Student: 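Structure incoming, see below.
Below, read A as the first sequence line, B as the second, and so on, with proteins coming before strands; counting in each chain starts at 1. Being a predicted model, the structure only gives us computed values, none of them experimental.
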Amino acid sequence: MHNDPEVIVRSPQELVGDLNEQQAQAVQFRGPALLIGAGAGSGKTRVLTRRIAWILTQFGAWPSQILAITFTNKAAAEMRERLSALIGPVAQRMWVSTFHSACVRILRRDGERIGLKSGFTIYDTADCERLVKLIATDFNIDIKRYTPRQILARISDYKNNLTGVRETLAQYAPDFRPGTRGFRIGRVGNVEEIYAIVYAEYQHRLALANAVDFDDLIARTVELLRTQPDVAEYYHRKFRYILVDEYQDTNHAQYVLVRELAGVDSGERPAPDAPGVGRQGPAWITVVGDSDQSIYAFRGADISNIQDFEQDFPDARTIMLEQNYRSTQTILDAANAVIAHNEGRKPKKLWTAAGKGAPITGYAADTAQLEAHWIAHEIRRLHQEEGLRYSDIAIMYRANAQSRSLEEGLIQAHVPYQLIGGTKFYERREVKDALAYLQAIVNPADGINMRRILNVPKRGLGARAESMVTAWADERGLTFWQGVEQAERIEGMTTRTLNPLRRFAAMMTQLRAFAAEHDRQPSQVVAEVLAQSGLLEELRKSTDPQDQSRVENLSQLQSVAAEYEQNTPDATLAGFLETTALVADSDQLPDEAEDSGKVTLMTLHTAKGLEYPVVFLTGMEQGTFPHSRAMEDTSELSEERRLSYVGITRAKRRLYLTRAAVRAQWGRASEMMPSQFLDEIPDGLIDWKRREAGVERMRSGWGHAAGGSRGRDDWEEGLDEFGGWDDDFTEPSYGGSSYGGSSSYGRSSYGSSSYGSSYGSSSSYGSSSRVRSSDDAAPRFGSAARERSSSSSSSTSGGAHFSYGVSSSPSSRSLRFGSAASSHSSSSRSGKVTTRRTSPKPASSLDKDNRLDINDFRVGDKVSHDSFGLGTVLETQDKGRNSIITVDFGSAGVKRLMLRVAPIEKL
DNA sequence: CACGGTTAGGTTTTT
DNA sequence: CCTAACCGTG
């Protein structure tokens, strides 16, 4: 063992003394290849950090010989932090990073060898789409038939599988030479040829622009290692231990990258015994993963990487971690039951010593809004009555679009929350514009970014000017920027266009000079760009209230740059741009330790690797989750199921499963059937606070009797009427015949294509009749409730086709509820029906004029805003119809609002 | 060339 | 519901 003053030497006892048998084995394992099969919550991060410490202190490795790869920057930062605590500050200098960051680092060092100059740009998805679109237009490819998205997806596939341009062209378009103008595609409609040609041209133009996309970061690093033996040799010597987290989510390119870095195929014999310092055979590889948590197949992740690990790596060994330290038995039972429906997986027996815990809570709401409402109030109850911290609670959903209604519900209930993901900061238009300036400064060859800013802000250089320069430069094989510089030589150039072009060129030259001088202070460069470009000025003088927040975003960008500058010893402008390109949603999560005081909202994908005492899994509906696009295909459905497994296992103590019977999609309402995953969870585990939605009950029961067949708006009104039930118990009193033999509620219709039947083609649910009973049904919605309106009568699904669970009504489940029914049904309410508005009055009705007068407001006045709550007036600007009022809403921030449309009230 | 207004089309999930 | 794309008018 060596002595490094910066490494805290830990005794074996300290490193494995508090671990279970399997964990301890995994930490200490000596051998070239180890797969740690880490079930959810089995303490894998702990094992991983301990193993690194073990390697350092027990195997005697140098910190610089270790490469640890995680999936997100956040995970990397966390691991680094844990390592620091364990082994000391040396952890700060270790290679602990994502695949992508590690590759950037490698490419920055030696990328020149494969034609990447040092300031290369990393294109994000939007940039790539722009480029593909440009190419498609040039080649007269119908972008309606072949969307840039589709084409890009194919290109991504090629890259993830390390299929090069050369071989693709050879197979599908042998006559095409990238960079040649006016190439005619042979037979129209030969998809493969089109893909191949665009792929080739795309790579060609990326190279011209000195740019790479996300997939290139991996693929080109592999290319570097494969074609430059001395570079490969350098890393073979350097990294003696490689550890990869979330191995189930690696794609083929990443798999190959690991092999190349480790030198597995270099043919060298491993050292017979202890791997010391120096070159002694391939690096030792440790991978950690759980095939049941593979949820990135859509991005090329190949589950067989982990499944075939033992065959792929010589002398590999697998250690399974099966004790779960996170969740209650109930939660694990649910997770295990769901995942058991996936075929062809190795059975796993996760267990916990934590005990049974509380049952899972189920809730079926009428609409997405009501689902949100119920969740928000349940969270408030948990907070107030059970003393739970908001930060201990997370709400998860399948797709980002679902967050909107949830947010609204939380705002109304005054529950503080933070939203993770969605439109990312760096993808906002104004931020992207500013970044485009920086990119164009660092890398003038980058035509995509250069063109983006040519006329932003407006400087009279529109589509015509752009195409003239592009055409002229293309003909000569020059970059767009070179075209701008030599604009006066372009034939047909008018002074009207030439002048602004010259000004633009001068400005960019000046900015470049400034950037060169201040390369170590990116924040200064940002400030200079914002000022010189006119970006800031344009937004400042705008009357659009939205532009105010854009200004704030730009100032935040400057803060981010300043922060980067302070935290990075060798800060450069290019380095800063790198960090902005590689952020992930999860990176914005606050540190585990700190109590943000807020409920967290995020997608299930973002939630991977996290845990919360209380988890709400929302939108448990066919078509929402599993997603409609994934329901037809078995393998995609399996992935959805793994996603649900991930979601369920995020919960430590309490799990809620909620669904909505009606969900708005594209502004149109759709009926949603319960998610099949709900049925895959054993009955006894879920305590349904509300078993079926009002529409479903109504449809099946006396709703029929009460109304006849009416028009399209029928059930919407019905919903309006009966949507307010909030029974804590929904006990169906089944007629004898309803107790059919079928074991699973609605099983018969799952798998058919009658999911989420949309508006109009109504279907019906449930069995014959229901008895509602509840002790506290109405009061919770009391304020919003209004008396039944006499004008609208109850409705029904006229001519409905029963497609769901009619005869196969709840059997085993209903038995449980059946007993509950008998004990509660006595308190059944009278026929009086309370109701509430279907949707909580969104801002739409305020598009017009709220007839507020700016002159009625004075600085210091208190106002109330529907979303932001209470605020104080800071400033009023009388602009007649477009009067602006600036209000400080405290924690919600300072907002500039257009008075005419602001949902505010003077107090 | 910029702007406003209209329309058609589109929703997974993310480094 | 949202946006990007399109088309007409200053």
Student: Considering heavy-atom distances to DNA chain B, does A:D215 or A:R149 have its closest nucleotide positioned more toward the 5' end?
Tutor: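 Taking each residue's closest nucleotide, the earlier one in sequence belongs to A:R149.
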Student: With no hydrogens and no angle check, do the side chains of A:D216 and A:Y123 hold a donor and an acceptor under 3.5 Å apart?
Tutor: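 No pair is found: no donor N or O on one side chain lies under 3.5 Å from an acceptor on the other.
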Student: As a test of reading the structure: which of B:dT14, B:dT11, B:dT15 is closest to the side chain of A:R629, going by heavy atoms?
Tutor: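 The listed nucleotide nearest to A:R629's side chain is B:dT11.
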Student: Which part of the nucleic acid, if any, lies within contact of A:Q402, taking any heavy atom under 4.0 Å across all strands shown: a base, the sugar-phosphate backbone alone, or nothing?
Tutor: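 If one applies the 4.0 Å heavy-atom cut-off, A:Q402 turns out to touch nothing in the nucleic acid.
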Student: State whether a side-chain donor-acceptor pair under 3.5 Å links A:Y645 with A:N342.
Tutor: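 Absent: no donor and acceptor within the cut-off.
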Student: Kindly say if A:T72 contacts the phosphate of B:dT15, meaning a side-chain N or O under 4.0 Å from OP1 or OP2.
Tutor: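 No, no such contact exists.
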Student: Please tell me if A:R496 has a side-chain N or O lying less than 4.0 Å from either OP1 or OP2 of B:dC1.
Tutor: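 For A:R496, the contact criterion (side-chain N or O under 4.0 Å from OP1 or OP2 of B:dC1) is not met.
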Student: Please classify the nucleic acid contact of A:F99 as base, sugar-phosphate, or nothing, using heavy-atom distances under 4.0 Å.
Tutor: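 No contact.
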Student: Select from A:R464 and A:L582 the residue whose nearest nucleotide in DNA chain B is closer to the 5' end of that strand.
Tutor: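 That would be A:R464.
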Student: Determine if A:F71 stacks with B:dT15; use a centre-to-centre distance below 5.5 Å and an interplanar angle below 30° as the criteria.
Tutor: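 No, the aromatic ring of A:F71 does not stack with the base.
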Student: Could you check how far CG of A:D127 sits from P of B:dT15, rounded to whole Å?
Tutor: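 Distance check: A:D127 CG to B:dT15 P gives 16 Å.
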Student: Kindly point out which of B:dT14, B:dT15, B:dT12 is positioned nearest to the side chain of A:F214?
Tutor: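 Given the options B:dT14, B:dT15, B:dT12, the side chain of A:F214 is closest to B:dT15.
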Student: When the distance from CG of A:N400 to C1' of C:dC1 is rounded to whole Å, what number comes out?
Tutor: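 It works out to 15 Å between those atoms.
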Student: Between C1' on B:dT14 and CG on A:L643, what's the gap in Å once rounded to a whole number?
Tutor: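 For the pair A:L643 CG and B:dT14 C1', the rounded distance is 12 Å.
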Student: Examine the side chains of A:T600 and A:Q418 and answer whether a donor and an acceptor come within less than 3.5 Å of each other.
Tutor: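 Their side chains do contain a donor-acceptor pair, which is all the 3.5 Å distance test asks for.
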Student: With a 3.5 Å distance limit and no angle check, can you tell me whether A:T98 reaches the backbone of A:F71 through a side-chain donor-acceptor pair?
Tutor: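 Pair absent, no side-chain N/O of A:T98 close to backbone of A:F71.
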Student: Do the side chain of A:S156 and the main chain of A:L152 share a donor and acceptor less than 3.5 angstrom apart?
Tutor: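 Such a contact is absent between A:S156 side chain and A:L152 backbone.
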Student: Could you tell me the separation between the CD atom of A:E407 and the P atom of C:dC1, rounded to a whole number of Å?
Tutor: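 One finds 17 Å between P of C:dC1 and CD of A:E407, rounded.
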Student: Heavy atoms under 4.0 Å, any strand shown: does A:R642 hit a base, just sugar-phosphate, or nothing?
Tutor: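 Nothing, no nucleic acid heavy atom in range.
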Student: Side chains of A:D302 and A:S304 only: does a donor on one sit below 3.5 Å from an acceptor on the other?
Tutor: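 Yes, because at least one side-chain N or O of A:D302 sits under 3.5 Å from a partner of the opposite role on A:S304.
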Student: For B:dT12, give its Watson-Crick or G-U wobble partner with both distances under 3.5 Å, or none.
Tutor: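 Looking at the geometry, B:dT12 pairs with no nucleotide.
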Student: Grab the CD-P distance between A:E246 and B:dT13 for me, whole Å please.
Tutor: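 Rounded to the whole Å, the gap is 19 Å.
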Student: Do A:H627 and the base of B:dT12 stack face to face, with centres under 5.5 Å apart and an angle between planes under 30°?
Tutor: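 Given the distance and angle limits, yes, they stack.
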Student: Of the options B:dT13, B:dC1, B:dT15, whose atoms approach the side-chain atoms of A:H100 most closely?
Tutor: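 Nearest to the side chain of A:H100 among the choices is B:dT15.
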Student: Choosing from B:dT14, B:dT15, B:dT12, which nucleotide comes nearest the side chain of A:T603?
Tutor: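 Between B:dT14, B:dT15, B:dT12, the one nearest the side chain of A:T603 would be B:dT14.
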Student: Using atom P in both nucleotides, what's the gap between C:dA4 and B:dT13 to the nearest angstrom?
Tutor: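 Here C:dA4 and B:dT13 have their P atoms 16 Å from each other.
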Student: Is there a donor and acceptor pair closer than 3.5 Å between the side chain of A:R398 and the base of B:dT13?
Tutor: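 Pair found.
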Student: Which of residues 451-462 of chain A sit near DNA chain B, with a heavy atom under 4.0 Å from it?
Tutor: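 The answer is A:N455, A:K458, A:G460, A:G462.
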Student: Whether the side chain of A:N305 engages the backbone of A:T250 through a donor-acceptor N/O pair (distance < 3.5 Å, no angle test) should be reported.
Tutor: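 Judged by distance alone, yes, a pair lies under 3.5 Å.
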Student: A:D213 has an atom CG; how far is it from atom P of B:dT14, in whole Å?
Tutor: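 For the pair A:D213 CG and B:dT14 P, the rounded distance is 18 Å.
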Student: Expressed as a whole number of angstroms, how long is the span from A:Q150:CD to B:dT12:C1'?
Tutor: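 Atom CD in A:Q150 sits about 15 Å away from atom C1' in B:dT12.
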Student: Searching all strands shown, indicate the nucleotide that pairs with B:dT6 (Watson-Crick or G-U wobble; both distances under 3.5 Å).
Tutor: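 The answer is C:dA5, by the H-bond criterion.
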Student: Do A:E246 and A:Q248 have side-chain N/O donor and acceptor atoms under 3.5 Å apart?
Tutor: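 Checked: A:E246/A:Q248 side chains pair up, N/O donor to acceptor below 3.5 Å.
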Student: How long is the line joining NZ of A:K144 and C1' of B:dA8, in whole Å?
Tutor: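 Interatomic distance, NZ of A:K144 to C1' of B:dA8: 8 Å.
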Student: On the ring face of A:F504, is A:R459 found with NZ or CZ under 6.0 Å from the centre and within 45° of the axis?
Tutor: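 Pair A:R459/A:F504 does not count as cation-pi.
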